[in-house]
Amino acid sequence: MSFLSERKKTHSAGALRVTDVGRSVVLCGWVQSRRDHGGCVFIDLRDREGQTQIMFSPDVDAAAHALAGELRGEFCIGVEGVVASRGGNVNPKLPTGAIEINATRLEVFSRAETPPFQITDDLDTNEALRLKYRYLDLRRPALQKNFIVRSKASQLTRSFLHGQGFLELETPCLVKYTPGGARNFLVPSRQNQGSFYALAESPQIFKQLFMVAGMERYFQITRCFRDEDLRLDRQPEFTQIDVEMSFVTEEDVQGCMEGMLAEIWRGVLSVELPRPFLRMSHDEAMRRFGSDKPDLRIDLELAEITDAARASGFKIFEQAVAAGGIVKALRIPAPGDKLSRSVLDGLTEYAMPYGARGVAFARVLEGGAWQAPFAKVLTDDARTAMNEQTGAVPGDVLLFVADRAKVVNAALGALRLHLGQKLGLVREGWRFLWLVDMPLFEQADDGSFAAAHHPFTSPRLEDLPHLESDPARCKARAYDCVLNGNEIGGGSIRIHQPEVQARLFHALGLSDEEVQRKFGFLLEAFRYGPPPHGGIAFGLDRLAMLLCGANSLRDVIAFPKTQKGTDLMTDAPSSVATRQLDELGILVKPEVLAKS
RNA sequence: GGGGUGGUGGUUAAGUUGGUUAUAACGCCGCCCUGUCACGGCGGAGGCCGCGGGUUCGAGUCCCGUCCACCCCGCCA
C-alpha cells in the first residue's frame, strides 16, 4: 500500500500551533532545508501556506530518522507524526515556530536535483534563469502569495458581479481582423488558405452585440492579445475584467465599478476605499500633472507660464512660444541640498527621451530673485509673473521645459514622477480617480485624426454638431480609471445610433465601402433596436500587481513572456516543419529563413 | 526602429594601468555533531570569464561585431 492510500494530508505547513500539540498529523510538501545533527535531523517542510519544522529522532522512529539523512533541498515528501511543543526552543520568526512534528513515518515522493537557484524570497537571480525554471521560481513563497492574492481578486470580482445581476458570458479568441488600435496576432486558417483570424485584442464588438442581444449586463474575465512591444506593465497576452451594461450612463458604470474595486480591496487587503472616487477632466490632468494617468500620491504640480515666457528675455523660452509651443514649470518646494547643481544638470538627460532638448532650472532666493544660468537675461516682470504663477517661495527650485505642448507635458510629467520618488515625496495610500471628458480624437503629426479610445465611443451630445467641422474640440463619453499613476481600466458609453456611428467612421476618414467591409456586421446589428449601453475593462494583471505591491507584471502572471515576447521555458515561438506550413499555404521568405 | 544597464564556478558578486595559478560569499559533495532554525566544525570538487573576430609578446580587462535578459522612447484605438 502506498503512503497516500493509507493516509491523507491533514494540515497545511502553515497551520499548526501550540494548541495542536499531541495531534497526529500528516504533512506533505517540499524540503526547504535540512539541519543534520547526527543524532537528530531537522527538516523545514514547505508548502504554499507556510513551513513547519519536522524533527527526526532515532528515539522516535529509527527508520524515519535513517531515511531523513538522505533528504536534500526540494525533495518532495510526506511526513506522519505527532505535533510537539518546542519548549524553550521557540522560533519567533515563524508562525509555526512554537511547535514541531516528531516524525514517525517519512515517505520520499520524489527526489530533486540541486535546483539552479535557491527557493527563497531574498533571491537575487537574473530574470532569464527564473523564467527558464519558472516552476521553481513559482515555488517561492513571495510569488505564491501573489497568486493567492490574484485568485482571491478574481473570485471577489466574479461573486460581486454575479450579485449585481451580470451574466458571465464568453466570446471568441479567434476573431475577424479589424484595423486600428493595437497590432493583432494573426492565425492562419488551414481550411481557408490565405485567410487569417486575428487573436482578439479585446472582446469589444462582441460585448456590444451581447447588449443588442438583450443580455443587459455582461462580464467576462478574459484573455486579450496585443502584438506590441512589451514593458514592465505590458505583456502580449493579458487578462481583462470585461464589463458591458445596457441602459446606463457614465456614472452608472463608474459607480458599479467603484463597488467592485471596493469589494476587492476590502476582501484582499481589508482596506475600505472612500467613494465616490475623484473625477478629473483630461484637460486638468494634463495641465496640472502633465499626464493622463497622474499619480496623486505626489503633491508636485506643473504651472503654465507661457504668457510670461513670451517676452521674457530668455531666448529659449521666447523661441518655443513663437513656434507655437508652451512653457511650463515644475515647482519643487524647498528641496534643500537634495537638488545639487549636478543633479539638476542631470535632469536634461532624464528628459531627453521625451523629446525635450533641455531642462532649465532656477533656485528661488530671498526676495524672489533667482539663481539660475539664465537669471541675468530674464526680465524682472517675467520672473515676478513666473514666481506668482508657480507659487514659488524662497528656497524652492523651479524646473522649466519649453517646447511643443506634447513634449513639455511628457517631460515635466516624467520629471514629476522621477523627483517625487527620488525626494521621497510619494505618500502611502490608494489614490483612485476617474479621468473624464477625454478627447474623442487624437491628432497624428500628419494632421489626421484617429479615435482616441475606440471608434465605438460616443461623443458628448453637445459635441455632435462639431464632429465634422472641428473634431479636435469634441469630447468623448469615455473614462479611464487611474490608481497611483497606473491606468487600471478604461471604458465609455458607446454609440448605439447607426447614423452617429456612420458619421464617426466618416470623421475618421473611412470610406463607406471600407466601413461596410470592416464593420458592416456591427452597423447591421445596430439596425435592429440596439439599447443604449456602455462598459469598461480593467486590467486584472495590473490590479493584481498593485494589490501585491509587485514590481513587475511578470510577478503576477504565472508564465510570462520576455521583453522580446519569447517564453524561455518552452522556447516559444519556434519554427515549424515545412509540411505544417504547406497545410496553411504559407511560405516563409527566403531571407527570413536564412537568418534563423 | 532607437537609447541605456548588465552577462565571470550552480547562484550572487569582486577582479586595479592589459601581466604568475581568476577571488569571495552562498549553494553543492564527503566526514563529524541530539536542539538547530541564515545550525556549527573539518575537508573537497566545481570556470569556454555570453559567443565570434581583432589589437598585443600577453586579453576577464582594450577595439569591432553578435546573442540574450532587463529598463526606457517610439508603439500600446
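For clarity, every value in this text was computed on a predicted model and none was experimentally measured.
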In whole angstrom, give me the gap between the [atom1] atoms of [N] and [M].
{"N": "B:A45", "M": "B:G10", "atom1": "C1'", "answer": "12 Å"}
{"N": "B:G43", "M": "B:U12", "atom1": "P", "answer": "28 Å"}
{"N": "B:G9", "M": "B:U23", "atom1": "P", "answer": "14 Å"}

Listing time: all N or O pairs from protein to nucleotides 25-27 of chain B that are below 3.5 Å?
residue	atom	partner	partner atom	Å
B:C26	O2'	A:Gln118	OE1	3.3

Parallel, tilted or perpendicular: rings of A:Phe505 and A:Phe519 (30°, 60°) =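 Plane angle under 30°, so parallel.
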Select from A:Arg86 and A:Lys406 the residue whose nearest nucleotide in RNA chain B is closer to the 5' end of that strand.
-> A:Arg86
Which nucleotide sits closest to the side chain of A:Pro353: B:A13, B:C72, B:C39?
->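 Within the option list, the nearest is B:C72.
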Distance-only criterion, 3.5 Å: show the donor-acceptor pairs between side-chain atoms of residues 94-104 of chain A and protein atoms not counting sequence neighbours.
residue	atom	partner	partner atom	Å
A:Thr96	OG1	A:Gln51	O	2.6
A:Glu100	OE1	A:Gln53	NE2	2.9
A:Thr104	OG1	A:Glu80	O	3.1

Which residues satisfy the side-chain contact (heavy atoms from CB on, under 4.5 Å) test with [X], sequence neighbours excluded?
{"X": "A:Phe206", "result": "A:Thr171, A:Pro172, A:Val175"}
{"X": "A:Val500", "result": "A:Pro459, A:Leu464, A:Ile495, A:Gln497"}
{"X": "A:Ala405", "result": "A:Ile326"}

Those residues of residues 223-237 of chain A lying under 4.0 Å from RNA chain B by at least one heavy atom =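 Correct list: A:Arg226, A:Glu228, A:Asp229, A:Arg231, A:Leu232, A:Arg234.
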What do you reckon, do A:Phe42 and the base of B:U36 stack, with centroid distance below 5.5 Å and planes below 30°?
-> yes
